[in-house]
2 protein chains.
Amino acid sequence: MTSLQVSSQYSRDAVAHLGKLIRIARQERHMTAQELAERAGISRGLVQRIEKGDLKCNIGAVFEVAAIVGICLFEMDEKGLKQHSHHAAEKLALLPKSVRKTKKVLDDDF
Amino acid sequence: MTSLQVSSQYSRDAVAHLGKLIRIARQERHMTAQELAERAGISRGLVQRIEKGDLKCNIGAVFEVAAIVGICLFEMDEKGLKQHSHHAAEKLALLPKSVRKTKKVLDDDF
DNA sequence: GTTATATGTTCTATATATGAACCAAAACTA
DNA sequence: TAGTTTTGGTTCATATATAGAACATATAAC
(Lines give C-alpha, C1' and ligand atoms only; values in the text may rest on other atoms or scores of the structure.)
Protein backbone atom coordinates (compact mmCIF):
# COMPACT_ATOMS: atom_id res chain seq x y z
CA MET A 1 0.00 0.00 0.00
CA THR A 2 1.62 3.23 1.15
CA SER A 3 0.28 5.09 -1.84
CA LEU A 4 2.94 7.18 -3.52
CA GLN A 5 0.25 9.75 -4.19
CA VAL A 6 2.13 11.46 -6.95
CA SER A 7 0.31 14.51 -8.15
CA SER A 8 1.00 16.79 -11.05
CA GLN A 9 2.07 20.37 -10.61
CA TYR A 10 -1.16 21.45 -12.19
CA SER A 11 -3.49 19.73 -9.78
CA ARG A 12 -1.39 20.88 -6.84
CA ASP A 13 -1.59 24.45 -8.12
CA ALA A 14 -5.30 24.12 -8.71
CA VAL A 15 -5.98 22.92 -5.18
CA ALA A 16 -3.72 25.58 -3.69
CA HIS A 17 -5.41 28.22 -5.79
CA LEU A 18 -8.85 27.12 -4.71
CA GLY A 19 -7.68 27.30 -1.11
CA LYS A 20 -6.52 30.87 -1.56
CA LEU A 21 -9.79 31.83 -3.19
CA ILE A 22 -11.69 30.35 -0.29
CA ARG A 23 -9.61 32.23 2.24
CA ILE A 24 -10.02 35.52 0.40
CA ALA A 25 -13.76 35.03 0.05
CA ARG A 26 -14.03 34.15 3.72
CA GLN A 27 -12.10 37.24 4.83
CA GLU A 28 -14.12 39.45 2.54
CA ARG A 29 -17.26 38.16 4.16
CA HIS A 30 -15.82 38.82 7.61
CA MET A 31 -16.15 35.22 8.56
CA THR A 32 -13.82 33.48 10.99
CA ALA A 33 -12.42 30.06 10.28
CA GLN A 34 -14.42 28.77 13.21
CA GLU A 35 -17.66 30.14 11.83
CA LEU A 36 -17.00 28.70 8.41
CA ALA A 37 -16.16 25.35 9.97
CA GLU A 38 -19.40 25.28 11.94
CA ARG A 39 -21.47 26.21 8.93
CA ALA A 40 -19.84 23.48 6.89
CA GLY A 41 -20.12 20.97 9.68
CA ILE A 42 -16.39 20.35 9.85
CA SER A 43 -13.56 21.25 12.21
CA ARG A 44 -11.56 24.44 12.15
CA GLY A 45 -8.42 22.44 11.51
CA LEU A 46 -9.90 21.06 8.32
CA VAL A 47 -10.80 24.55 7.17
CA GLN A 48 -7.20 25.58 7.70
CA ARG A 49 -5.92 22.63 5.71
CA ILE A 50 -8.35 23.37 2.90
CA GLU A 51 -7.25 27.00 2.73
CA LYS A 52 -3.64 25.88 2.77
CA GLY A 53 -4.27 23.68 -0.24
CA ASP A 54 -3.89 20.30 1.39
CA LEU A 55 -4.47 17.65 -1.25
CA LYS A 56 -5.76 15.08 1.20
CA CYS A 57 -9.02 16.76 2.10
CA ASN A 58 -12.28 15.16 1.05
CA ILE A 59 -13.76 16.97 -1.90
CA GLY A 60 -17.16 17.20 -0.28
CA ALA A 61 -15.83 19.40 2.49
CA VAL A 62 -13.83 21.55 0.08
CA PHE A 63 -16.75 22.15 -2.25
CA GLU A 64 -19.09 22.78 0.66
CA VAL A 65 -16.78 25.39 2.13
CA ALA A 66 -16.32 26.97 -1.27
CA ALA A 67 -20.06 27.14 -1.79
CA ILE A 68 -20.63 28.73 1.61
CA VAL A 69 -18.22 31.57 0.91
CA GLY A 70 -19.82 32.09 -2.49
CA ILE A 71 -17.34 30.47 -4.82
CA CYS A 72 -19.25 28.97 -7.71
CA LEU A 73 -17.57 25.86 -9.01
CA PHE A 74 -17.97 25.50 -12.76
CA GLU A 75 -19.21 29.07 -12.79
CA MET A 76 -22.76 27.87 -12.81
CA ASP A 77 -25.69 28.28 -10.50
CA GLU A 78 -27.46 25.30 -9.08
CA LYS A 79 -30.04 25.14 -11.83
CA GLY A 80 -27.51 25.46 -14.58
CA LEU A 81 -25.46 22.80 -12.90
CA LYS A 82 -28.35 20.38 -12.99
CA GLN A 83 -29.06 21.16 -16.63
CA HIS A 84 -25.48 20.80 -17.69
CA SER A 85 -25.25 17.64 -15.70
CA HIS A 86 -28.27 16.29 -17.51
CA HIS A 87 -26.65 17.14 -20.79
CA ALA A 88 -23.56 15.30 -19.65
CA ALA A 89 -25.68 12.27 -18.89
CA GLU A 90 -27.11 12.34 -22.41
CA LYS A 91 -23.65 12.60 -23.87
CA LEU A 92 -22.58 9.71 -21.72
CA ALA A 93 -25.49 7.63 -22.95
CA LEU A 94 -24.27 8.03 -26.52
CA LEU A 95 -20.78 6.87 -25.71
CA PRO A 96 -19.92 3.16 -25.66
CA LYS A 97 -20.60 1.63 -22.27
CA SER A 98 -17.06 0.41 -21.96
CA VAL A 99 -13.79 1.36 -23.53
CA ARG A 100 -12.10 -1.23 -25.64
CA LYS A 101 -8.62 -1.22 -27.01
CA THR A 102 -8.46 -1.73 -30.77
CA LYS A 103 -6.61 -4.91 -30.02
CA LYS A 104 -4.48 -4.35 -33.09
CA VAL A 105 -1.29 -4.15 -31.09
CA LEU A 106 0.75 -2.55 -33.81
CA ASP A 107 -0.88 -1.28 -36.94
CA ASP A 108 0.33 2.27 -36.83
CA ASP A 109 3.97 1.44 -37.41
CA PHE A 110 4.03 1.42 -41.19
CA MET B 1 -17.15 12.38 16.34
CA THR B 2 -18.96 10.50 13.62
CA SER B 3 -19.12 13.58 11.45
CA LEU B 4 -22.64 14.29 10.31
CA GLN B 5 -21.13 15.45 7.05
CA VAL B 6 -24.09 17.45 5.97
CA SER B 7 -23.54 18.85 2.53
CA SER B 8 -25.60 21.23 0.49
CA GLN B 9 -27.41 20.18 -2.61
CA TYR B 10 -25.18 22.43 -4.63
CA SER B 11 -21.90 20.90 -3.57
CA ARG B 12 -23.28 17.42 -4.01
CA ASP B 13 -24.44 18.33 -7.51
CA ALA B 14 -21.10 19.93 -8.28
CA VAL B 15 -19.14 16.85 -7.24
CA ALA B 16 -21.51 14.55 -9.10
CA HIS B 17 -21.27 16.75 -12.16
CA LEU B 18 -17.50 16.74 -12.07
CA GLY B 19 -17.59 12.97 -11.84
CA LYS B 20 -19.73 12.73 -14.94
CA LEU B 21 -17.44 15.07 -16.82
CA ILE B 22 -14.47 12.93 -15.88
CA ARG B 23 -16.15 9.75 -17.03
CA ILE B 24 -17.17 11.30 -20.35
CA ALA B 25 -13.70 12.69 -20.94
CA ARG B 26 -12.17 9.33 -20.10
CA GLN B 27 -14.45 7.44 -22.48
CA GLU B 28 -13.86 9.94 -25.23
CA ARG B 29 -10.14 9.39 -24.84
CA HIS B 30 -10.64 5.63 -25.00
CA MET B 31 -9.08 5.19 -21.62
CA THR B 32 -10.05 2.40 -19.27
CA ALA B 33 -10.66 3.05 -15.59
CA GLN B 34 -7.65 0.88 -14.87
CA GLU B 35 -5.41 2.95 -17.12
CA LEU B 36 -6.63 6.17 -15.61
CA ALA B 37 -6.06 4.79 -12.14
CA GLU B 38 -2.50 3.77 -12.94
CA ARG B 39 -1.70 7.12 -14.48
CA ALA B 40 -3.07 8.91 -11.44
CA GLY B 41 -1.36 6.54 -9.06
CA ILE B 42 -4.59 5.44 -7.43
CA SER B 43 -6.77 2.35 -7.44
CA ARG B 44 -9.50 1.56 -9.93
CA GLY B 45 -12.03 1.57 -7.14
CA LEU B 46 -11.19 5.15 -6.31
CA VAL B 47 -11.60 6.15 -9.93
CA GLN B 48 -15.04 4.61 -9.90
CA ARG B 49 -16.02 6.44 -6.75
CA ILE B 50 -14.76 9.70 -8.19
CA GLU B 51 -16.78 9.21 -11.36
CA LYS B 52 -19.81 8.31 -9.28
CA GLY B 53 -19.50 11.59 -7.40
CA ASP B 54 -18.49 10.25 -4.01
CA LEU B 55 -17.98 13.20 -1.67
CA LYS B 56 -15.41 11.43 0.48
CA CYS B 57 -12.61 11.28 -2.06
CA ASN B 58 -9.50 13.32 -1.45
CA ILE B 59 -9.45 16.36 -3.68
CA GLY B 60 -5.91 15.69 -4.82
CA ALA B 61 -6.95 12.46 -6.50
CA VAL B 62 -10.04 14.03 -8.04
CA PHE B 63 -8.17 16.98 -9.49
CA GLU B 64 -5.35 14.76 -10.69
CA VAL B 65 -7.76 12.48 -12.51
CA ALA B 66 -9.57 15.45 -13.97
CA ALA B 67 -6.31 16.94 -15.19
CA ILE B 68 -5.25 13.67 -16.81
CA VAL B 69 -8.42 13.41 -18.87
CA GLY B 70 -8.06 17.04 -19.88
CA ILE B 71 -10.58 18.78 -17.68
CA CYS B 72 -9.28 22.21 -16.83
CA LEU B 73 -10.36 23.27 -13.38
CA PHE B 74 -11.08 26.98 -13.20
CA GLU B 75 -10.89 27.00 -16.97
CA MET B 76 -7.30 28.10 -16.82
CA ASP B 77 -4.09 26.64 -18.06
CA GLU B 78 -1.23 26.03 -15.71
CA LYS B 79 0.41 29.35 -16.38
CA GLY B 80 -2.77 31.31 -15.96
CA LEU B 81 -3.47 29.39 -12.81
CA LYS B 82 -0.17 30.48 -11.32
CA GLN B 83 -0.74 34.08 -12.33
CA HIS B 84 -4.24 34.20 -11.02
CA SER B 85 -3.05 32.53 -7.87
CA HIS B 86 -0.42 35.21 -7.51
CA HIS B 87 -3.08 37.82 -7.94
CA ALA B 88 -5.08 36.10 -5.25
CA ALA B 89 -2.06 36.27 -2.99
CA GLU B 90 -1.80 40.00 -3.55
CA LYS B 91 -5.46 40.47 -2.84
CA LEU B 92 -5.03 38.42 0.29
CA ALA B 93 -2.15 40.60 1.39
CA LEU B 94 -4.39 43.65 1.29
CA LEU B 95 -7.04 42.04 3.46
CA PRO B 96 -6.79 42.18 7.25
CA LYS B 97 -4.82 39.28 8.61
CA SER B 98 -7.61 38.16 10.81
CA VAL B 99 -11.33 38.64 10.81
CA ARG B 100 -12.76 40.42 13.78
CA LYS B 101 -16.37 40.72 14.79
CA THR B 102 -17.53 44.26 15.47
CA LYS B 103 -17.76 43.18 19.09
CA LYS B 104 -20.91 45.26 19.49
CA VAL B 105 -22.94 42.34 20.77
CA LEU B 106 -26.31 43.92 20.19
CA ASP B 107 -26.53 47.28 18.60
CA ASP B 108 -28.89 46.41 15.81
CA ASP B 109 -31.89 45.88 18.02
CA PHE B 110 -33.12 49.43 18.22
C1' DG C 1 -22.75 -17.63 -31.40
C1' DT C 2 -17.73 -17.46 -28.43
C1' DT C 3 -14.08 -15.05 -26.29
C1' DA C 4 -11.77 -11.42 -24.07
C1' DT C 5 -12.02 -7.31 -21.65
C1' DA C 6 -14.24 -3.55 -18.90
C1' DT C 7 -17.12 -2.48 -15.44
C1' DG C 8 -19.71 -3.12 -11.08
C1' DT C 9 -19.87 -4.80 -6.50
C1' DT C 10 -18.68 -6.75 -2.67
C1' DC C 11 -15.19 -7.80 1.29
C1' DT C 12 -11.00 -7.12 4.49
C1' DA C 13 -6.75 -4.99 6.27
C1' DT C 14 -4.46 -0.91 6.94
C1' DA C 15 -2.74 3.63 6.15
C1' DT C 16 -4.47 8.03 7.21
C1' DA C 17 -7.69 11.96 7.37
C1' DT C 18 -10.29 14.03 10.83
C1' DG C 19 -11.68 16.04 15.23
C1' DA C 20 -10.36 17.60 19.74
C1' DA C 21 -7.58 19.83 22.94
C1' DC C 22 -3.83 22.06 23.48
C1' DC C 23 -0.25 26.19 23.21
C1' DA C 24 1.95 30.27 21.24
C1' DA C 25 2.08 34.04 18.36
C1' DA C 26 -0.14 37.32 15.70
C1' DA C 27 -3.59 40.85 15.12
C1' DC C 28 -7.39 43.70 16.11
C1' DT C 29 -9.81 46.79 19.67
C1' DA C 30 -10.31 49.87 23.35
C1' DT D 1 -0.33 49.98 26.79
C1' DA D 2 -3.41 45.75 28.12
C1' DG D 3 -6.92 42.64 26.81
C1' DT D 4 -9.48 39.86 23.58
C1' DT D 5 -9.83 37.13 19.54
C1' DT D 6 -8.10 34.82 15.57
C1' DT D 7 -4.89 32.13 13.66
C1' DG D 8 -1.06 28.59 13.25
C1' DG D 9 1.03 24.67 14.71
C1' DT D 10 1.49 21.03 17.28
C1' DT D 11 0.04 16.02 19.41
C1' DC D 12 -3.05 12.16 19.97
C1' DA D 13 -7.11 8.89 19.46
C1' DT D 14 -10.12 7.00 16.25
C1' DA D 15 -13.32 6.84 12.56
C1' DT D 16 -12.78 5.92 7.82
C1' DA D 17 -11.02 6.30 3.14
C1' DT D 18 -8.20 3.58 0.43
C1' DA D 19 -5.93 -0.41 -1.88
C1' DG D 20 -6.31 -4.86 -3.24
C1' DA D 21 -8.31 -9.02 -4.45
C1' DA D 22 -12.01 -11.76 -5.78
C1' DC D 23 -16.12 -12.38 -8.17
C1' DA D 24 -20.17 -11.55 -11.20
C1' DT D 25 -22.09 -9.03 -14.86
C1' DA D 26 -22.05 -6.43 -19.03
C1' DT D 27 -20.13 -5.22 -23.23
C1' DA D 28 -17.40 -5.14 -27.26
C1' DA D 29 -14.55 -7.68 -30.51
C1' DC D 30 -14.18 -11.67 -33.22
Side-chain angles (χ1 to χ4, degrees), chain A residues 1-7 15 19-20 22-65 69 92-105 107, chain B residues 1-7 15 19-20 22-65 69 92-105 107:
Chain A
M1 233 155 280
T2 65
S3 59
L4 238 308
Q5 188 60 280
V6 180
S7 65
V15 174
K20 287 180 183 173
I22 290 174
R23 163 170 276 254
I24 291 175
R26 176 177 67 82
Q27 309 255 36
E28 287 179 340
R29 290 172 178 245
H30 301 289
M31 208 180 303
T32 69
Q34 180 65 36
E35 282 176 331
L36 181 54
E38 288 172 358
R39 283 234 254 158
I42 62 179
S43 68
R44 184 173 67 95
L46 183 50
V47 170
Q48 287 190 118
R49 283 175 35 223
I50 290 174
E51 291 185 347
K52 194 194 290 185
D54 192 327
L55 297 168
K56 317 301 270 295
C57 305
N58 73 84
I59 193 172
V62 179
F63 276 33
E64 182 67 20
V65 163
V69 297
L92 195 70
L94 295 179
L95 260 54
K97 308 299 182 184
S98 69
V99 176
R100 191 61 65 104
K101 299 289 111 173
T102 66
K103 195 54 181 51
K104 307 306 290 295
V105 181
D107 60 350
Chain B
M1 231 156 283
T2 63
S3 58
L4 237 310
Q5 188 61 277
V6 180
S7 64
V15 174
K20 287 180 184 174
I22 290 174
R23 165 171 274 256
I24 291 175
R26 176 177 66 82
Q27 308 257 34
E28 286 179 342
R29 290 170 179 246
H30 300 287
M31 208 180 303
T32 68
Q34 180 65 38
E35 283 176 330
L36 181 53
E38 288 171 359
R39 282 233 254 159
I42 62 179
S43 67
R44 184 173 67 95
L46 183 50
V47 170
Q48 285 190 125
R49 281 172 42 218
I50 290 173
E51 292 184 347
K52 195 191 289 185
D54 193 326
L55 297 169
K56 316 301 271 294
C57 305
N58 72 84
I59 192 172
V62 179
F63 277 32
E64 182 67 20
V65 164
V69 298
L92 196 69
L94 296 179
L95 261 52
K97 308 300 181 186
S98 69
V99 177
R100 191 61 65 105
K101 298 288 112 175
T102 66
K103 194 54 182 50
K104 309 306 292 293
V105 181
D107 60 348

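Order of the sequence lines fixes the chain letters, A, B, ..., with proteins taken first and strands second; residue numbering starts at 1 for each chain.
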Inset, instruction - Quick one: pull up NE2 in B:H30 and CG in A:L95 and give me the separation to the nearest 0.5 Å. - result: 8.0 Å
Legend entry - With A:E51 via side-chain hydrogen bond (donor to acceptor under 3.5 Å, both in side chains) - residues at least two apart: A:R23, A:R26
Legend entry - Identified side-chain contact (heavy atoms from CB on, under 4.5 Å) partner of A:I50 from the options A:I42, A:L36, A:V15: A:I42
Inset, instruction - To the nearest Å, give me how far apart CG (B:N58) and P (C:dT16) are. - result: 11 Å
Inset, instruction - To the nearest Å, give me how far apart CD (B:Q48) and C1' (D:dA26) are. - result: 13 Å
Inset, instruction - Tell me, please, which residues at least two apart from B:E38 pass salt bridge (charged side-chain N to carboxylate O under 4.0 Å, His left out). - result: none
Between the protein and nucleotides 23-27 of chain C, list every N/O to N/O distance that falls short of 3.5 Å.
{"unit_1": "C:dA27", "atom_1": "N3", "unit_2": "B:R100", "atom_2": "NH2", "d": "3.2"}

Legend entry - Along DNA chain D (nearest heavy atom to each residue), the more 5'-positioned of B:V99 and B:L46: B:V99
Legend entry - Positions of residues 25-34 of chain B (non-hydrogen atom under 4.0 Å from DNA chain C), listed by number: B:R26, B:T32, B:A33
Inset, instruction - Mind checking side chain to side chain contact (heavy atoms under 4.5 Å, CB included) for A:T32 and listing every partner two or more places apart, or none if nothing turns up? - result: A:Q34, A:E35, B:V99, B:K101
Can you pull every protein N or O that's under 3.5 Å from an N or O on nucleotides 10-12 of chain D?
none

Inset, instruction - Can you tell me the distance, in whole Å, between the CG atom of A:L95 and the C1' atom of D:dT27? - result: 14 Å
Inset, instruction - Report the residue (B:S43 or A:K52) whose heavy-atom-nearest nucleotide on DNA chain D is the more 5′ of the two. - result: A:K52
Inset, instruction - Return the minimal non-hydrogen interatomic distance between B:R39 and B:M31, and the atom names on each side. - result: NH2-CE, 3.7 Å
